[in-house]
Every structure is written in C-alpha cells, then in structure tokens.
2 protein chains.
Amino acid sequence: MTGKFDDAARAAWLYFVAGKTQDEIAGKMSVSRQTAQRLISLAISERLVRVTLEHPIAECMRLADDICARFGLATCDVSPSDAGSAQAGLGAIHSAARMIERWLGSDKPVVMALGTGRSMRAAVDQVAAMDCPAHRLVSLVGNISADGSASYYDVISYLAGRVKAHYYPMPLPVVARSSEERRLLTELATVRSVAALARGADVAFVGIGHVGPNAPLREDGFISAAELDDLIAGGGVGEIVGWVFDRDGKVLAGRTNARVASVHVGDLTGGARIAVATGAKKAAAIRAALAGGLVTGLVTDEATARLILGGGKRGK
Amino acid sequence: MTGKFDDAARAAWLYFVAGKTQDEIAGKMSVSRQTAQRLISLAISERLVRVTLEHPIAECMRLADDICARFGLATCDVSPSDAGSAQAGLGAIHSAARMIERWLGSDKPVVMALGTGRSMRAAVDQVAAMDCPAHRLVSLVGNISADGSASYYDVISYLAGRVKAHYYPMPLPVVARSSEERRLLTELATVRSVAALARGADVAFVGIGHVGPNAPLREDGFISAAELDDLIAGGGVGEIVGWVFDRDGKVLAGRTNARVASVHVGDLTGGARIAVATGAKKAAAIRAALAGGLVTGLVTDEATARLILGGGKRGK
DNA sequence: AATGAATATGAGCATTTGCCCTTATAAAGA
DNA sequence: TCTTTATAAGGGCAAATGCTCATATTCATT
C-alpha cells in the first residue's frame, strides 16, 4: 500500500518533470482525471514540489549588492515585488523560507534562533517538511502574551514540528511588568540556559517591527498606547524582538527596553543575524537596524529595498 | 533597458511563485497576455525556473537503498519511471543533471571528468547555466570519431560553455588503429597531462553502453561488426568510455581494449565515479559494472533498478 | 446494526493556457 | 529609398485545468 504523499509526489513528478497532462497521468496511475488533479494540487500545497528561479533578476541583484555595500552586510536577498497584490512581501517570505531550509539542510548540527512576528510566521509556514533531529531551534523572545496566553504567532513550535527538530521556547512575557520582574525572570535557570543557547546560535532569523502608528508591539498588546508614544518621543523608530532602537540603530536606554525579557539580537555572538522585513512602513526601521549593525543579513523585496536605499533616487 | 531573460524570469516568478495568472502578469508588466505566456515559456525552456521534487518517493528510495547495499555503492539515485513514454530515461537524466549542478555549485574548485554518450549528452543539456570559472571539466574519452570528425555527442564543450568552466578535451580517437598507435598517442605530452588530470578528478560522470546487438560502440562507428562479434564471443557485456568488460565487471584483456585510448574509469583515484544509465538493454551491463566496482554511484530509473536487482523478483 | 461525521470520488462548467496563423515592426541589403 | 527578410506582437480557438457541487464510501460510535 503506497502512501498518499507518495502518489502525490509521483503525479507531480509526471506532471512537472515529465510534462504529462493530467489525463495521461490519470491513465498511467489508473485514477480519474480529477483525482490526478487533486494529487498534483496536494503536492503543491504540501510543498512536495518546489519551483525555484535559477536566473537572478538583474535589478534585484543590483539592489541587493547596493545594500550589502552600503551597510556592510554579509548577505542580502532582494526578491521581485509583487506590486499591488494582497500578498505584500510574499517574495521575501518565500526566499526567507528557502534560506531557513538551506541552513537546516546543513550536515552538521545547527543552532537556529528565531524571533516572531507576522513575517516570520509566514516564512516558516513555507518551509518544506524535513527531518533534522540534529538541529536545535531556540526562541529569542517569550511566547507569553500580556494576558498570559501563549499565542503571538508561535513561530518556533510550528517550525520545530515541521522539520522535526528540538526546540527551546522561552516561557516568558515579551515585556515584563517591571525591570525587577525582568531581572527575576531572566535569572531563572531554565531561562538562562535557553538564553545562553540563543546567544551562541549559528544563525538567527528575526522580523523587524516599526515603532509608530500601528506598531506591531502595540497592536499585539505588548505595550500600551502611552508607552508607544513615549518610545516615539524618545526617538524609537523600530524594534527587534521587542528591543526598540532609534534611527541610528542604537537601542534606547530605559523606557520599555528596561523591561524587555527577550534576548537582544545584538548580544548574539558570532552567528549570522538575518532580518526578514518588507513594507514601506518598515523602511525606516530596517534602515536603522542596518545602520546600527544589529543584523548581518537582510531579506526583503524590491520596493522596500529601493526605499531603504533612499527613496528611489538611485533608481534607473 | 532590462534584458529579455530578466523579463522572463520576472514573469516566471509572478507565475510560479506568486501564483498569478498570465492575464494578471500581462497587466503588471504592461504586455499582452500572449507575450506573458511567451516569457514564461521562454523561462521554462531556458531553464530559468526549476521544479524539484522534495518528497522522496518511497519505492524509488527503497530500490536505491537495495542497490547501494547489494553493490556497496556510495550513492544511488532512482527516479520514477515514465513507463511507455517516448522519453525513456528522462527522469534519470534529470537527476543526473541536478547532481552535476550540485557538484558544480561547490565552493571549492572541482575537477569533473566526463564520459560521452546519449545519456550524458542529454544530461548536460539539462544543466542550468551557471558561472563557475574555478572548476575544470576534463574528458575521459577522445572526441575524434573514426572518420576524423569531432562529433560524437560533444558533451564536454557544451557543458563547459553552459557553466563557463575551463575544459580539457582529449584530442584522440576512441579506439586507435593499433595498440602501437595507442601507445604513441597516449604518450603525447598534452594527452598525458589531460589524462593525469582526469585520473585525479574529484568526480566522474560516465554513461554505460551495452555490448550486444546495436551496441552504441558499434552504432557510432568506433568498432566494426566483426570486432563487436569478437567482443561478445569474449564475454563482453558492457562498456564504459570504450573499455569493454565482462559480466563480472572485469575488463577484457586484449581485443579492442588493447587499442582503447580513453582513460579507464577504474584508474581514477579516490574521486566519486558515477554512472548514468537506463534501459532494459543496459541492465546486464550496469549490473556487471556495479559488481566489478567500476563505479561508486549510479543514477537510473525505477524500471532499470528493478532489472538490476534481478528481474523484479524483489518487487512489491 | 444504525447513525452520523468525515473523507474521497465523479461530473459539469467557467477559466486559463498553449499554440497556430495573421499582421505589424524592425533590421539588413541593394 | 525601397525591398526583402527576420523577428516580435496580437487574435482566435481547442485543449487543459481548477473548482464547486452532489454522491458514495469509510470509519467510529452508540
């Protein structure tokens, strides 16, 4: 008895690689045309097949090189913008997923640190199922939201399940109620060991949030409106796993930062630190993070890349 | 001015990755629907997009593992058979191409040795264009046919052009007219240095020819009908770059082998030696080559794999 | 055994796609 | 400048595809 995914993979193989029509496949596999179509569509939705672009689009490459040069990044991926689509940033998310897969495909065991946020969640959704029990995924940021529930885009457990890796979540709120509470929490033995693991990670993937109207930090209920205003007044423009920084990428002293319980991405030692972020609203935050050297790599899309490089003045 | 391939890649990206229809793409790129279709089709035919199967098909994996175990191979790739199709062996050719790409994608310089034949030619046809000036491609076999022309599926120059690597052809006939001539030719300085490079190759890809009715060696005019009969009488069942071996994979003494000017694959030191071969007619030759340890890896298809393992008795 | 939920299968139909053929446009040569 | 020729764009149509709805089947539960 052959499994369902096996049939799906076989049908997809015949369809994409051998170039058969669904009718022919149906004939070969002795099923109806509809079933063949369903198998192929299953293979696509389960990501048993992968379509990749071999040809680097010159314009995107150019933007990526410019960003690398300007901010001294180790890696930069710019994907084509899907202008005007509902799925903003889809391209960047797709290439982030592929980059994650590449790291997880490594032979030697990898410690991968992960932030949270919508982009990150969307990216791990696109990671193909794999089997990598040797790798470890570690969270940079607490998974407890303000009301005590453990929601907030649970990136790490989803990815861990999908790739069958061990994972180390952080049983913490994102922002503690006081700096004293933060101190107590981060001194817990379990938290300390997870944080230590995170700081030594081989690679970290994080989202970047903007600080301003509709800041994700506020929208997701981690800080109050008053706190957000305070951060803006203090020069905050962006945030990574809760740590707010100004336009130079310098982490603000005090304010909510005094109570953020997550691992600051700047504290990671040695490993690659890759940001995944797109969107006009985020451009200033991304530029600041790059300027401050908070990350060593960026995955974004064409439109955002132009904004980061300075409002398209370099275009043409 | 953006290049044509750039547009093709962009259209293909929108089509395959972003999931747009050709109409939407046409709108976005301000071209007609037909033009969008042409761009996508160009991207496919130029292999700017690549579809790969992430999910290993259980049956193929099982066959591959069986073959590895039985013959002590380092690697074995079995792709789904496209039974009854005109394109026999398409799957194996496709995975051979991918394997070649993987080697060429290596960071450190690679010396890759190459045989000839229809399968090899078809495989390199499918290799994506790359830019690897650090790698060296070296021929195992002469490119001069019996009548002095340099045809015979010119695998190496084609691949070298496609991936922009240096290459070292062998300015030799496949089978010299006498063993004396063979000795003279192989002692030429240029030939000796190419052969030395080949013997030290990191990896070799070769086809396997059968020896029997319609043997490729005969069909391509490298040996006469009488010589073929002689080889068959002497127990020859298969051939790699012209060196004929018996059912145990032992190279025949004398006969045409005394005049074969190519580098015997068994003389390669240390590197991987991978055969690409499919088809019922070749099964015996493949089995012999594996049994004799002439190669360390095999790329074939499901149907051939079954034959190699013994007429499908192990099936189900 | 009966019931109901969940899942798989099959038919019909609107969209989408691939391709042939005609027409336009551009490059090359006289 | 006027052909000639090659190359690209558009129109139209048959084939292929994706999707929805109705029906059958399986499986667990009572």
Side-chain angles (χ1 to χ4, degrees), chain A residues 1-55 57-58 80 82-87 90-91 94 125-126 129, chain B residues 1-55 57-59 80 82-87 90-91 94 125-126:
Chain A
M1 203 222 89
T2 90
K4 193 169 63 169
F5 280 16
D6 244 54
D7 286 342
R10 198 174 282 267
W13 189 89
L14 288 165
Y15 188 68
F16 288 109
V17 181
K20 305 282 159 205
T21 71
Q22 297 182 352
D23 270 320
E24 294 175 294
I25 295 166
K28 268 184 217 299
M29 299 182 67
S30 326
V31 294
S32 69
R33 212 261 309 164
Q34 294 88 327
T35 305
Q37 196 272 333
R38 281 186 186 104
L39 286 172
I40 293 166
S41 126
L42 175 70
I44 294 168
S45 68
E46 290 295 327
R47 282 171 246 289
L48 306 184
V49 292
R50 154 90 11 106
V51 180
T52 51
L53 207 48
E54 295 292 319
H55 183 83
I57 296 180
D82 181 12
S85 155
Q87 314 235 35
L90 186 143
H94 188 260
D125 266 344
Q126 302 232 3
Chain B
M1 204 224 85
T2 91
K4 194 169 63 169
F5 280 16
D6 245 52
D7 286 341
R10 197 173 283 267
W13 189 90
L14 289 165
Y15 188 67
F16 288 109
V17 181
K20 305 282 160 205
T21 71
Q22 298 182 353
D23 271 320
E24 293 174 294
I25 295 167
K28 269 183 216 301
M29 298 182 66
S30 325
V31 295
S32 70
R33 210 265 303 165
Q34 295 86 332
T35 303
Q37 197 272 331
R38 282 189 187 101
L39 286 172
I40 293 166
S41 134
L42 175 71
I44 293 168
S45 68
E46 290 295 327
R47 282 171 244 288
L48 307 184
V49 291
R50 154 92 11 108
V51 180
T52 53
L53 207 49
E54 296 291 318
H55 183 81
I57 295 179
E59 181 64 9
D82 182 10
S85 155
Q87 314 236 34
L90 186 144
H94 188 261
D125 266 344
Q126 301 233 2

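Letters A, B, ... are given to chains in the order of the sequence lines, protein chains preceding strands, and every chain is numbered from 1.
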> Where along nucleotides 12-21 of chain D does protein come under 4.0 Å, by heavy atom, of base (B) or sugar-phosphate alone (S), with - for untouched nucleotides?
Replying inline: B----BB-B-

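- Distance check, rounded to the nearest 0.5 Å: CZ of A:Arg50 to CD of A:Gln126 gives 8.0 Å.
- Listed pair B:Ser32 / D:dA9 fails the phosphate criterion, with no side-chain N or O lying under 4.0 Å from OP1 or OP2.
- B:Leu42 has its CG atom 15 Å from the C1' atom of C:dG18, to the nearest Å.
- Listed pair B:Thr35 / D:dA8 fails the phosphate criterion, with no side-chain N or O lying under 4.0 Å from OP1 or OP2.
- Taking 4.5 Å as the limit, some side-chain heavy atom of B:Ile44 sits within range of a side-chain heavy atom of B:Phe16.
- Of the listed residues (A:Gln37, A:Gln34, A:Arg33), just one forms a side-chain hydrogen bond (donor to acceptor under 3.5 Å, both in side chains) with A:Gln22, and that residue is A:Arg33.
- In this structure, the separation between CZ on A:Arg38 and CG on A:Asp7 is 14.5 Å, given to the nearest 0.5 Å.
- Screening A:Leu48, A:Ile25, A:Leu14 for a side chain to side chain contact (heavy atoms under 4.5 Å, CB included) with A:Ile40, the sole residue that qualifies is A:Ile25.
- Across all their heavy atoms, A:Ala9 and B:Leu53 have their closest contact at O-CD2, 3.6 Å.
- Summarising the geometry, atom CD belonging to B:Glu24 is positioned 11.0 Å from atom OH belonging to B:Tyr15; distances are rounded to the nearest 0.5 Å.
- Using five terminal pairs a side, the axes of the helix from C:dA1-D:dT30 to C:dA30-D:dT1 at its two ends make an angle of 30°, given in steps of 10 degrees.
- Of all heavy-atom pairs between A:Ala8 and A:Leu39, the closest is CB-O, 3.6 Å.
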